[in-house]
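For reference, the structure is listed below as structure tokens.
Because the structure is predicted, anything quoted here is derived from the model rather than measured.
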Amino acid sequence: MSTSQSTTTLRRRHISTAGEPTAKEREYLEVIYYLASRNEPVIAARLARWMKVQPPTVTHIVTRLLEKGFIERNAHGEITLTPSGLQLAEAMVRRHRILERFLVDVMGLPWHLIHEEAVRLEHALSPVMEERIMALVGQATTCPHGNPIPGQNEGYAGQVRLDATSAGQVFTIRRIAEEAEEETPIVAFLEANGLVPGARFTIADNATPIGVTLQRPGLSITVPTHIAEFIWGDVEEDR
């Protein structure tokens, strides 16, 4: 193969066909998948809040996804993934969460770096590499934040949000909502203070809007309300 032919071949690898989603459209498909998996209504206003954009931007992307057949929208404006949209979104989420697991468990990266690194890597991950990375992380069922890896674990653990707890309860963290991954300072705060899946605390106080005060031997920390709303877990009464 000549140099010019090789260059052309490489260039073609980066050219999307008209029916494929762009990188930005893929982000929206992932968010729609997250919300639907958590049984939350998917509407344009919810997407705008998550993506931190104005409603016209969401309308533009949603229209393109409708045209490409990845989503449907009913008369109430509720958005659902089509079979092809679900297949694509599920594959992307699976790769992303496997990569996050790999970056933490094998590479030893701190939490505040893994989301962006996984975003950079996920679009180039081949099925062969995905399988090898999955073998390295020991058939993990969740990402480091506790959210299920599609095909390995379909359900979300933890049904109680930290800011909805009461003083005297014992709270075990099960997962961190996906929205928090977009906020590096929040993720860094969680990791630095041991607010990770499996951690167990007693609720000392929940004086909203100040935050939730957690205690365990050697540690007392007040989690601001805007961070507590991302933390999900299980509760039991302190004995």
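- Clustering ILVMFWY residues whenever any of their side-chain heavy atoms sit less than 4.5 angstrom apart, transitively, puts Phe230 in the very cluster that holds Val187.
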Audit row: Ile149, Thr141, side-chain contact (heavy atoms from CB on, under 4.5 Å) steps and yes/no: CA-CA 5 Å; Ile149 296 174; Thr141 59; 6.0 Å; no
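- Taking every heavy atom of both residues into account, His112 and Glu191 meet most closely at N-OE1, 4.1 Å.
- If you chain together hydrophobic residues whose side chains sit under 4.5 Å apart, Tyr34 and Ile114 never meet in one group.
- Heavy atoms of other residues, nucleotides or ligands lying less than 6.0 angstrom from CG of Leu136 number more than 12.
- Without hydrogens or angle criteria, Asn193 side chain to Phe189 main chain gives a donor-acceptor distance under 3.5 Å.
- Considering only heavy atoms from C-beta on, His96 comes within 4.5 Å of His115 through its side chain.
- A single hydrophobic cluster is seen to contain both Leu125 and Leu121, as judged by linkage of ILVMFWY side chains at heavy-atom distances under 4.5 Å, directly or through other members.
- Summarising the geometry of Glu100 relative to Ala118, their closest heavy-atom pair is CG-CB, 3.8 Å, with the distance given to 0.1 Å.
- Ile79 CD1 to Leu35 CG: the interatomic distance, rounded to the nearest 0.5 Å, is 9.5 Å.
- Contact check for Val212 versus Phe171: no side-chain heavy atoms found under the 4.5 Å cut-off.
- A donor-acceptor contact shorter than 3.5 Å links the side chain of Asn206 to the backbone of Thr165.
- Between Thr213 and Ser220 the shortest heavy-atom distance is CG2-OG, 3.9 Å.
- The two residues Ala207 and Asp205 come nearest to each other via the heavy atoms CB-OD2, 3.5 Å.
- One finds the CG atom of Asp163 at 12.0 Å from the CD1 atom of Ile227 (value rounded to the nearest 0.5 Å).
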Glu30 vs Arg95, salt bridge (Lys or Arg N to Asp or Glu O under 4.0 Å): CA-CA, chis, key distance, verdict: CA-CA 11 Å; Glu30 286 193 50; Arg95 285 196 297 269; over 6 Å; no
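- Thr82 places a side-chain N or O within 3.5 Å of a backbone atom of Phe70 that can act as its donor or acceptor partner.
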Derivation and outcome, side-chain contact (heavy atoms from CB on, under 4.5 Å), residues Gln152 and Thr142: CA-CA 8 Å; Gln152 301 296 119; Thr142 70; over 6 Å; no
Derivation of the side-chain contact (heavy atoms from CB on, under 4.5 Å) call for Ile61 and Thr22: CA-CA 10 Å; Ile61 299 294; Thr22 64; 5.7 Å; no
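- Atoms CG and CD1, on Leu99 and Ile133 in that order, are 5.0 Å from each other to the nearest 0.5 Å.
- Taking a cutoff of 4.0 Å between a charged side-chain nitrogen and a carboxylate oxygen, Glu179 and Arg38 qualify as a salt bridge.
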Residue pair Leu195, Leu162: steps toward the side-chain contact (heavy atoms from CB on, under 4.5 Å) verdict: CA-CA 11 Å; Leu195 300 170; Leu162 179 57; over 6 Å; no
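- The shortest distance between side-chain heavy atoms of Ile176 and Ile186 does not fall below 4.5 Å.
- Considering only residues two or more places apart in sequence or on other chains, Arg26 meets the salt bridge (Lys or Arg N to Asp or Glu O under 4.0 Å) condition with none of them.
- With rounding to the nearest 0.5 angstrom, the CG atom of Leu103 is 9.0 Å from the CG atom of Leu113.
- Hydrophobic clustering, with ILVMFWY side chains joined whenever heavy atoms are under 4.5 angstrom apart, groups Ile221 together with Ile203.
- The backbone N or O of Gly211 sits nowhere less than 3.5 Å from a side-chain atom of Thr222 that would complete a donor-acceptor pair.
- For the pair Arg46/Val42, no side-chain contact is recorded, criterion being any heavy-atom separation below 4.5 Å from C-beta on.
- Under 4.0 Å is where a charged nitrogen must lie from a carboxylate oxygen, and between Glu27 and Lys24 at least one such pair does.
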CA sep, side-chain torsions, deciding dist, call: Arg64, Glu67, salt bridge (Lys or Arg N to Asp or Glu O under 4.0 Å): CA-CA 5 Å; Arg64 292 198 325 217; Glu67 292 171 348; over 6 Å; no
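- Criterion: ILVMFWY side-chain heavy atoms under 4.5 Å apart, direct or through other members. Under it, Met51 and Ile71 are part of a common hydrophobic cluster.
- Met92 has its side chain within reach of Leu88: a pair of non-hydrogen atoms, C-beta onward, lies under 4.5 Å apart.
- In this structure, the salt bridge (Lys or Arg N to Asp or Glu O under 4.0 Å) partners of Arg97, at least two apart in sequence or on a different chain, are Glu178.
- What you find for Pro144 and Trp111 is that their closest heavy atoms are O-CZ2, 3.2 Å.
- For Trp232, the side chain to side chain contact (heavy atoms under 4.5 Å, CB included) partners two or more places apart in sequence, or in a different chain, are Arg161, Arg175, Ala177.
- Around the CZ atom of Arg200, the shell of radius 6.0 Å holds no more than 12 heavy atoms that belong to other residues, nucleotides or ligands.
- Here the shortest heavy-atom pairing between Val62 and Leu47 reads CG2-CD1, 4.2 Å.
- More than 12 heavy atoms of other residues, nucleotides or ligands lie within 6.0 Å of CD in Glu182, so this atom counts as buried by the packing criterion.
- Other residues, nucleotides and ligands place more than 12 heavy atoms under 6.0 Å from the CD atom of Glu78.
- Rounded to the nearest 0.5 Å, atoms CD (Glu20) and NZ (Lys68) are 8.5 Å apart.
- Around the CD atom of Glu40, the shell of radius 6.0 Å holds more than 12 heavy atoms that belong to other residues, nucleotides or ligands.
- Atom CG of residue Asn147 and atom CZ of residue Arg174 lie 13.5 Å apart, to the nearest 0.5 angstrom.
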